2 protein chains.
Amino acid sequence: MATVSRVVNNNPNVKPATRKKVYEAIERLGYRPNAVARGLASKKTTTVGVVIPDISNAMYAEVARGIEDIANMYHYNIILANADKKKDKEIRVINTLLEKQVDGLLFLGAPVTDEHLQAFKTANVPIVLCATTDESGQVPSVDINHESAAYDAVMSLIGQGHKRIAMISGTLQDPANGYARFQGYKRALEASGIPYDDSLVRIGNYRYESGADAMRYFIELSERPTAVFSATDEMAIGAIHAIQDSGLKVPSDFSVISVDNSRMASMVRPQLTTVAQPMYDIGAVSMRLLTKLMKKENVDQSQVVLPHEIVVRQSVGGI
Amino acid sequence: MATVSRVVNNNPNVKPATRKKVYEAIERLGYRPNAVARGLASKKTTTVGVVIPDISNAMYAEVARGIEDIANMYHYNIILANADKKKDKEIRVINTLLEKQVDGLLFLGAPVTDEHLQAFKTANVPIVLCATTDESGQVPSVDINHESAAYDAVMSLIGQGHKRIAMISGTLQDPANGYARFQGYKRALEASGIPYDDSLVRIGNYRYESGADAMRYFIELSERPTAVFSATDEMAIGAIHAIQDSGLKVPSDFSVISVDNSRMASMVRPQLTTVAQPMYDIGAVSMRLLTKLMKKENVDQSQVVLPHEIVVRQSVGGI
DNA sequence: CTGTTAGCGCCTTCAG
DNA sequence: CTGAAGGCGCTAACAG
């Protein structure tokens, strides 16, 4: 019994001949180790839980790939759990994952509320936030600076001579993709001495149609903007099509820029200029951080911010 | 101890007062049941494993949503495992899931090889194939008829007067999205007395660029096709852009039809005519089937085929 | 190097 | 209705 355990767990203290015999028996009997029993006995499951806000969102899928690759590298299994972007489902999912005795947790949902913090606190395994941050700085995280990504995007528009710049925002309740990007937009205007104009901001829901709706609104304006900054690629694509559908052109009539650099950005005409977020890296780095935490290695930097960059394509023109 | 177990598991044989006291103690102590221990003792984990070929594929994400919803309904947890479209990773993932003692397994990868069948056979929990089929009919499955979906698509082109119809196919090694659709294409031509022409078929990799490449090839042909059938939306969109980039128009110069009806289909201009597969339903139905199998209820129909339909938009015109 | 002995935390009889 | 006892399949000391 114990020897079989040693063989299965690659414990070196087994005579090669014995090891071989055990392997043969395993083969012959079709023995499959019971991970549940193992987990109970060893108090480790070598699996980490990943809670994803929305599995059908390509950005998160990319993060997941980064997580996966590093997890495999360190021989952790990962179990993905979808949370439908609902806060209570997130909490529920965190708890089931914890009940399943995962060795660590990666959380991708935003915003991180007090309730989340509460749930995290009761966990006795390390947790790292991935593609999101905890404002209070209590939980390790890996993210980009959404505010400055937005700022850079809008500044690049201003650099092209645009002065009347609209924004298609996400909900301001969403700290990362929503609020922070809106703040970046405002700061860029401010830094350039452009007065902020409420009528130039529409709130969308990150979907294509909401981008198109917002754009149609801007087109109707008596004093039209010359450029629009979208919080996400998908809404930007909706905007581009709304422009084209009404007989106008990108970028000659309107410049469009967004942030995400999803695969879709090159799947429109004109191709979308957008600021790229290193989603894969966010996943990879956060998983790496988690492994360190799980091994109780000490980490110098527990709130890491990855750099972003503008990918210039064809949707922005000068004025 | 036993009473707590009863309370936690909603066993009715507990006096309400006692139940209340237990709940209070649970709250006060911050007790969290250990699912691993529970799984070991009860030999059930109330979780089902889902192996997904490619988490970044929107179609699979949609299937996953269907699975999730039904799983929640029946109080099963689901653990998603990505397999990167690699056969050996699929096998490995199936095995880890089985080691984790899932109560059932949903497998979404294609093709289903003998090795897969072998792995399934050693499982002593029910397995259902989801959005894929086992040719040999040994494993329950829920899928659409890819061959006839392709057939219908091509027939609709022929109905519009097209005679020279190209195809952008997936790899013929892929039985569902690849081979079956190609067969449907051929059968439609045959049924209409149109000779099959090898030079009118290009193999892509389901990605945007490969669709564009294939289309560029067709455009160069001395005898151009008037319509193209793409095995997937994404390749179709690549094709549409290749057409437009070379100054031609859809659908006046080329009609384009595909199968998937992904969300992207309405995110192109012109919007894509495509045959819709009920991905959500495939997920939901297969999960439902799995619950029956797990409860050892008998099922009348273990190989279910869901209907598809053509969604007419703007990318197909008459000749 | 290998076998023996205790649990891991819970569920499940079985008494009471 | 509640407690006691045994055991799920495995790992972790501990002897030998």
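Model, not experiment: these values are computed from the prediction.
- Distances were taken from every side-chain heavy atom of B:Ala37 (C-beta onward) to each of C:dT2, D:dA12, C:dG9; the shortest belongs to C:dG9.
- Using a 4.0 Å cut-off between a side-chain N of Lys or Arg and a carboxylate O of Asp or Glu, B:Asp103 and B:Lys44 do not qualify as a salt bridge.
- Between B:Leu40 and B:Arg6, the residue anchored closer to the 5' end of DNA chain D is B:Arg6, taking for each the nucleotide with the nearest heavy atom.
- In terms of position along DNA chain D, the nucleotide closest to B:Pro16 lies nearer the 5' end than the nucleotide closest to the other residue of the pair A:Gly39 and B:Pro16.
- Taking atom NZ of residue A:Lys100 and atom C1' of nucleotide C:dG9, one finds them 15 Å apart after rounding to whole Å.
- Contact annotation: A:Thr3 does not reach the phosphate of C:dT2 (side-chain N/O to OP1 or OP2, under 4.0 Å).
- Following rounding to the nearest Å, B:Asn13 (CG) and C:dT13 (P) show an atom-to-atom distance of 13 Å.
- Side-chain atoms of B:Arg32 stay outside donor-acceptor range of the base of C:dG9, with no qualifying N/O pair under 3.5 Å.
- B:Asn11 has its CG atom 9 Å from the P atom of C:dT12, to the nearest Å.
- Salt bridge A:Arg263/B:Glu234: present, at least one basic N to carboxylate O contact under 4.0 Å.
- Contact check on B:Glu147 versus B:Arg181 returns no salt bridge, with no Lys/Arg side-chain nitrogen under 4.0 Å from an Asp/Glu carboxylate oxygen.
- Of all non-hydrogen atoms in B:Ser286 and B:Leu129, the two that sit nearest each other are CB-O, 4.5 Å.
- At the phosphate of C:dC11, neither OP1 nor OP2 sits under 4.0 Å from any side-chain N or O atom of B:Ser42.
- Phosphate contact (OP1/OP2 of D:dG9, side-chain N/O of B:Lys43, threshold under 4.0 Å): present.
- Between A:Gln101 atom CD and D:dG9 atom P the separation is 19 Å, expressed in whole Å.
- Atom-to-atom, CZ of A:Arg19 to C1' of C:dC1 comes out at 11 Å; the value is rounded to the nearest Å.
- Among the heavy atoms of the strands lying under 4.0 Å from A:Asn34 are primed sugar atoms or P, OP1, OP2 only; no base atom is included.
- Phosphate proximity of C:dC11 to B:Asn9: present, with a side-chain N or O under 4.0 Å from OP1 or OP2.
- Nearer the 5' end of DNA chain C, as judged by each residue's closest nucleotide, is the contact made by B:Val36, out of B:Ala2 and B:Val36.
- Between the CD atom of A:Glu99 and the P atom of C:dC11 there is a distance of 11 Å, given to the nearest Å.
- Within the 4.0 Å cut-off from OP1 or OP2 of C:dG9, not a single side-chain nitrogen or oxygen of B:Arg38 is found.
- Considering only the side chain of A:Lys15, C:dC1 comes nearest among C:dC1, C:dG3, D:dT2.
- Atoms CG (B:Asn10) and C1' (C:dT12) sit 17 Å apart, rounded to a whole Å.
- Smallest separation of non-hydrogen atoms from A:Thr291 and A:Tyr76: CG2-CE1, 4.0 Å.
- When each of C:dC1, D:dC10, D:dT2 is scored by its nearest atom to the side-chain atoms of A:Thr18, the top-ranked nucleotide is C:dC1.
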